[in-house]
Novice: 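Here it is, the structure in full.
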Number of protein chains: 2
Amino acid sequence: MARVAGVSVATVSRALRGLDRVSPQTREKVLRVAEDLHYVASPTATSLASGRTRVVAVVAPFLTRWFFATLVSAIEKSLRAQGHHIVLFGLEDDTYDQRLTLTQNMLWKRVDGIITLNVPMTAEEVDLVDRLELPLVAIGSPVPGRACVRIDDRLALRTAVQHLADLGHTKVGYIGSVPDNVAHIQTPQDRLEAFKASVVEFGLTCEPAWILNSDWTAEAAAQDSRDLLRGDHRPTAIVAASDEMAIGVRESARRLGLSVPGDLSVIGIDDYLLSEVLGLTTVRQDVAAQGRAAAELLLRALLDDDEPTDEVVLPTELIVRESTGPLS
Amino acid sequence: MARVAGVSVATVSRALRGLDRVSPQTREKVLRVAEDLHYVASPTATSLASGRTRVVAVVAPFLTRWFFATLVSAIEKSLRAQGHHIVLFGLEDDTYDQRLTLTQNMLWKRVDGIITLNVPMTAEEVDLVDRLELPLVAIGSPVPGRACVRIDDRLALRTAVQHLADLGHTKVGYIGSVPDNVAHIQTPQDRLEAFKASVVEFGLTCEPAWILNSDWTAEAAAQDSRDLLRGDHRPTAIVAASDEMAIGVRESARRLGLSVPGDLSVIGIDDYLLSEVLGLTTVRQDVAAQGRAAAELLLRALLDDDEPTDEVVLPTELIVRESTGPLS
DNA sequence: CTGAAAGCGCTTACAG
DNA sequence: CTGAAAGCGCTTACAG
């Protein structure tokens, strides 16, 4: 390449990367030759020489669920627009209470930075990332001392409970608490706490038996809510910690012959892909915006070399549709 | 690292990679030192020296949709189990009729192989991949001369139509044909053709107005089917080319006061995440299995250096739930 | 503005 | 079985 352009490799490097100290004519000639030869610099050689890979790791507990897929998509777009690529790490294991752990050979000299999607890092993982001196931005579950993008879970839950209170409901249930073995995950904890606090704040009642464990899928939520809905001592409204669970609860109710919202109001959190078409009332969060915000924070660390530690809290919004209604 | 182990870098390299011609004692010592020092070989240096990156490109038109997210997840697991990483390329653009195109600097010296998820490659892209001598496995939309993993779309559609015929329906509609500007995508074409052929085969009728365009989302399908369902000259059953569209059609019917399956039967294709809980009849395909199969084919090309050109066709299965019923 | 040279951290024949 | 040396293809001071 340098040979056919009749210049040194150093000049080729400078011309192609748009550095100054190259005469316009030389630059133009180099660019033309590069074009002719389909020349593209080898990224592995560039990385070895420069020490930067222009790759970022995106780490998620699940890749298939809507929330995570939406984040990944938004992050990929933002990062690629700035010449970065993403390598994906799905941490899901077959069992629900353990996951793969981040290791040095996933990261070392392989990526310039990390975005975690709602993954609570262990102390060892935090140490590792510190030792590797990698910038990190967390979405959802925060990582101590690092930048974080999230919504205000407390506020979101309060909004949901308030909506039910406004409709006249006094007996409310909740689905989305999580067994002890996965208690390290932040979001379920936060939402449950916030739910309970809001119930008190608005003077409603929620019996312990009305708080249901579920694994955050629609299928499981349908199953896990059946017993409660079948009995006659039940709440008149249920808050689900995610729209997918809300969909499951509503289906369960319908199968038992309950009308929604006539006999039972159901509200979720997210504004999931199908929530609009299914007429589900929800507290909306803008997932793609969270992905973009995280990508931008990380890019700032990468390009300007100053690592931000901001906490970005994005707004949520009540969307009233057909799954909630006044107490009859 | 070599220094503290008291051996040459060549020996370290051989010991760590498990090559032969290293004495057991030496190997053990090297491994111990590596452990102590948290030593992990720099993948960029390894790649530059060996010419292999152990990274594969996964290329998808959309990352957020269930089908693609499920594939990505399965592929990532399979590949990582064999020491490979994936870098993700989402090709979606804001408009629906164009997409980003694969370029040399996405691939060159960056990945060892490619898996395409239902993306019809342009002639230029095929040329590029040929020129870079990259192995490629396609899922869904085939790439000429390359290995391909898919289901039998004709058979799947025939199964759906037959199910409706068995229930006594004679007037059937279809949703999921696609406007001319995206006609290059294979799946919608195949499914529409197969639907038409099956309608003839089983002696049913489908008027041209009963074939609806839609962009394969639930939301759009709900909208796109409204006019047809509102009229009184309509089919008694509809085949949707995807479950997400089937869900949209059913919601649309319900909102218009039609009972499903009393007034209208709806069947989809996929067995989408929510299809079971929503009681949707469908022709199931195993998406994760397609991802795993593609990963294995590519791995074979990568590890054994013989590129397979097999066509793997995975089975589909009729799952009858509550959205279809006998003609009343 | 441009080039020669060292260096990034590995792997791979080649000797021994 | 082990080591010295060349080479992978770039970037980056350093001279000029």
Side-chain angles (χ1 to χ4, degrees), chain A residues 1-34 37-55 83-85 104-112 132-133 302-303 305, chain B residues 1-34 37-55 83-85 104-112 132-133 302-303 305:
Chain A
M1 162 72 202
R3 189 160 28 77
V4 348
V7 296
S8 72
V9 296
T11 302
V12 170
S13 174
R14 283 186 285 247
L16 256 27
R17 285 183 301 149
L19 301 186
D20 48 1
R21 316 246 129 197
V22 179
S23 79
Q25 310 90 295
T26 309
R27 183 186 304 276
E28 203 180 320
K29 181 173 50 176
V30 171
L31 290 176
R32 193 152 17 82
V33 173
L37 266 48
H38 297 292
Y39 174 82
V40 169
S42 156
T44 78
T46 301
S47 297
L48 182 58
S50 70
R52 330 180 62 244
T53 61
R54 295 185 168 273
V55 173
H84 284 70
H85 292 94
Q104 180 162 349
N105 73 48
M106 291 176 176
L107 304 172
W108 173 239
K109 291 292 180 191
R110 196 182 286 286
V111 300
D112 292 344
L132 267 27
E133 295 183 16
L302 262 26
L303 302 177
D305 206 57
Chain B
M1 161 73 203
R3 190 160 27 76
V4 350
V7 295
S8 72
V9 296
T11 303
V12 170
S13 173
R14 283 185 287 247
L16 256 29
R17 285 183 301 149
L19 300 187
D20 46 0
R21 316 249 130 194
V22 179
S23 79
Q25 308 92 296
T26 309
R27 184 187 305 276
E28 203 180 319
K29 179 173 51 177
V30 171
L31 291 175
R32 193 155 14 86
V33 174
L37 266 47
H38 296 292
Y39 174 82
V40 168
S42 156
T44 77
T46 300
S47 297
L48 182 59
S50 70
R52 331 181 60 245
T53 60
R54 295 186 167 272
V55 172
H84 284 70
H85 292 93
Q104 180 161 351
N105 73 48
M106 292 176 176
L107 304 172
W108 173 235
K109 291 293 178 189
R110 197 181 286 284
V111 301
D112 293 343
L132 301 182
E133 295 182 16
L302 260 26
L303 302 177
D305 205 58

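FYI, side chains are in, hydrogens and waters are out, and symmetry mates aren't considered; it's all heavy atoms of this structure. Protein chains get the first letters and strands the later ones, always in sequence-line order, with residue 1 at the start of each.
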Novice: Identify the heavy atoms of A:W108 and B:P43 that sit nearest to each other, and give their distance.
Specialist: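 Residues A:W108 and B:P43, closest heavy atoms: O-CD, 3.3 Å.
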Novice: Could you give the CZ-to-P distance, from A:R110 to C:dC10, as a whole number of Å?
Specialist: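 Atom CZ in A:R110 sits about 13 Å away from atom P in C:dC10.
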Novice: For C:dG16, which nucleotide in any strand shown is its Watson-Crick or wobble partner with both distances under 3.5 Å?
Specialist: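 Base-paired to D:dC1.
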Novice: Specify the separation, in whole Å, of atom CZ of A:R54 and atom P of D:dC10.
Specialist: 15 Å
Novice: Check the distance between C:dC8's C1' and A:K109's NZ and give it to me in whole angstrom.
Specialist: 8 Å
Novice: Under 4.0 Å between a side-chain N or O of B:R3 and OP1 or OP2 of D:dG3?
Specialist: no
Novice: For C:dC1, does either OP1 or OP2 sit under 4.0 Å from a side-chain N or O belonging to A:R14?
Specialist: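 Answer is no, no contact under 4.0 Å.
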Novice: For the side chain of B:V9, counting heavy atoms from C-beta on, which of C:dG3, D:dC10, C:dT11 is nearest?
Specialist: C:dT11
Novice: Using a heavy-atom cut-off of 4.0 Å across all strands, would you classify A:A41 as base, sugar-phosphate, or nothing?
Specialist: sugar-phosphate
Novice: Find the distance A:W108:CH2 to C:dG9:P and express it as a whole number of Å.
Specialist: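 After rounding, the gap between these two atoms is 8 Å.
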Novice: Please determine whether a side-chain nitrogen or oxygen atom of B:S23 lies at a distance below 4.0 Å from atom OP1 or OP2 of D:dT2.
Specialist: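 Indeed, a polar side-chain atom of B:S23 lies that close.
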Novice: Using whole Å, what does the distance between atom P of nucleotide D:dC10 and atom CG of A:L48 come to?
Specialist: 12 Å
Novice: A side-chain contact here means heavy atoms from C-beta on lying under 4.5 Å apart; do B:V7 and B:K29 qualify?
Specialist: yes
Novice: Could you tell me whether A:T26 contacts a base, only the sugar-phosphate backbone, or nothing, with contacts defined as non-hydrogen atoms closer than 4.0 Å?
Specialist: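 A:T26: backbone/sugar contact only, no base atoms under 4.0 Å.
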